[in-house]
Peer 1: 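One structure follows; several queries about it will come next.
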Amino acid sequence: MIATLDRTPLPRAFFDRPVLDVAPDLLGRIVVRTTPDGPIALRLTEVEAYDGPSDPGSHAYRGRTPRNDVMFGPPGHVYVYFTYGMWHCMNLVCGPGGRASAVLLRAGEIIEGAELTRKRRLSARNDKELAKGPARLATALDVDRSLDGTDACAAGDTPLRALTGTPVPPDQVRNGPRTGVAGDGGVHPWRFWIANDPTVSPYRAHTPRRRRS
DNA sequence: CAGTGGATCCACT
DNA sequence: GTGGATCCACTGT
């Protein structure tokens with residue numbers, strides 16, 4: 001499992017690279033959420049890359065709006081959006097600044113503070129499901145729009161930050177089409193995950209929903 | 001395990 | 001008015 005957990009913060013330079021370089025490199029890294037009840041630490045096992053200007057699947061594809069404003073800012077900050085009327089999802093903005101690229105955090109393993117996440121994820125049948133899926137991950141870490149724009153590279157005991165952790169060897173990284181993305185015919189194999197990890201979410205193709213009458 | 005439909009509301013057109 | 005970077009309960013095999 002995890003031999004020695006490196007708690008060094010990830011430097012800004014880590015995120016100030018092309019998103020396709022950053023995304024696979026995030027696997028095995030740690031996100032720490034500091035709540036009033038205590039810290040929750042999550043080891044990233046699955047992510048997806050979104051590249052603003054060239055990517056129809058990206059929220060930034062149609063330009064800057066109040067919602068996606070953080071994506072256009074400096075790398076290393078957190079972009080949180082609200083979707084499907086009830087869920088939040090969490091991204092880390094990548095470089096170069098202003099390009100509006102970001103990595104969606106899709107799944108992870110809770111390695112500290114699981115007793116806190118279980119209270120928010122009552123439907124999880126076991127601990128592997130606590131953060132298996134982007135909205136579940138955000139729910140487990142108690143992340144919502146109030147944390148949009150947080151600097152994950154800031155020093156100190158901030159509400160949300162990214163740590164070096166233990167990077168995954170390249171031969172353990174797998175990639176494939178992104179999950180549930182409209183306007184992406186699966187042409188972008190920009191979903192990255194750790195091979196054989198039980199906390200990785202199942203793949204689902206995008207399915208447009210019928211309108212209710 | 002696979003497939004289906006409901007929940008729920010904000011951003012954007 | 002439209003549709004979504006989802007999850008969950010439920011059905012049938």
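As the structure is a computational prediction, the values presented were derived from the model and not from experiment. Chain A is the first sequence line, chain B the second, and so forth, proteins listed ahead of strands; every chain is numbered from 1.
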Peer 1: Using atom NE2 of A/His88 as one end and atom C1' of C/dC7 as the other, report the distance to the nearest whole Å.
Peer 2: 14 Å
Peer 1: Which nucleotide in the list C/dC8, C/dT6, C/dA5 gets nearest to the side chain of A/Arg136?
Peer 2: C/dC8
Peer 1: Find the distance A/Leu104:CG to C/dA5:P and express it as a whole number of Å.
Peer 2: 10 Å
Peer 1: Of the options B/dA11, C/dC8, C/dA5, whose atoms approach the side-chain atoms of A/Ser123 most closely?
Peer 2: C/dC8
Peer 1: Would you call A/Arg118 and A/Asp127 a salt bridge, taking side-chain N to carboxylate O under 4.0 Å as the test?
Peer 2: yes
Peer 1: Output yes when at least one side-chain N/O atom of A/Arg125 is less than 4.0 Å from OP1 or OP2 of C/dC8, else no.
Peer 2: no
Peer 1: How many Å lie between CZ on A/Arg178 and C1' on C/dT6, as a whole number?
Peer 2: 16 Å
Peer 1: Do A/Asp37 and A/Thr35 pair up side chain to side chain, a donor and an acceptor below 3.5 Å, judged on atom types alone?
Peer 2: no
Peer 1: Across the strands shown, which category fits A/Arg191 at heavy-atom distances under 4.0 angstrom: base, sugar-phosphate, nothing?
Peer 2: nothing
Peer 1: Determine which nucleotide pairs with B/dC1, using a 3.5 Å limit on both distances of a Watson-Crick or G-U wobble pair.
Peer 2: C/dG12
Peer 1: Looking at A/His206, I'd like to know whether one of its side-chain N or O atoms comes within less than 4.0 Å of OP1 or OP2 on C/dA5.
Peer 2: no
Peer 1: How many whole angstroms separate atom CD of A/Glu129 from atom C1' of C/dC7?
Peer 2: 11 Å
Peer 1: Looking at the side chain of A/Tyr84, which of C/dT6, B/dA7, C/dA5 is the nearest nucleotide?
Peer 2: C/dT6
Peer 1: With no hydrogens and no angle check, do the side chains of A/Arg43 and A/Thr166 hold a donor and an acceptor under 3.5 Å apart?
Peer 2: no
Peer 1: What is the separation between atom CG on A/Asp148 and atom P on B/dA11, rounded to the nearest whole Å?
Peer 2: 11 Å
Peer 1: Does the structure show a Watson-Crick or G-U wobble partner for B/dT13, both distances under 3.5 Å? Name it, or say none.
Peer 2: none
Peer 1: CH2 of A/Trp87 versus P of B/dC10: gap in Å, rounded?
Peer 2: 15 Å
Peer 1: Does A/Arg17 count as lying over the ring of A/Phe14, i.e. NZ or CZ under 6.0 Å from the six-ring centre, within 45 degrees of the axis?
Peer 2: yes
Peer 1: Determine, for A/Asp55 against A/Arg99, whether the closest basic-nitrogen to carboxylate-oxygen distance falls under 4.0 angstrom.
Peer 2: no
Peer 1: A/Arg121 has a side chain; which of C/dA5, C/dC7, C/dC8 sits nearest to it?
Peer 2: C/dC8
Peer 1: The side chain of A/Met86 lies closest to which of these nucleotides: B/dT13, C/dT6, B/dT8?
Peer 2: B/dT8
Peer 1: May I have the distance from A/Asn68 (atom CG) to B/dC10 (atom C1'), rounded to whole angstrom?
Peer 2: 14 Å
Peer 1: Using Watson-Crick or G-U wobble geometry with both distances below 3.5 Å, tell me the partner of C/dA5, or none.
Peer 2: none
Peer 1: Between B/dC9 atom P and A/Tyr81 atom OH, what is the distance in whole Å?
Peer 2: 18 Å
Peer 1: Side chain of A/Phe82: nearest nucleotide among B/dA11, B/dC10, C/dC8?
Peer 2: B/dC10
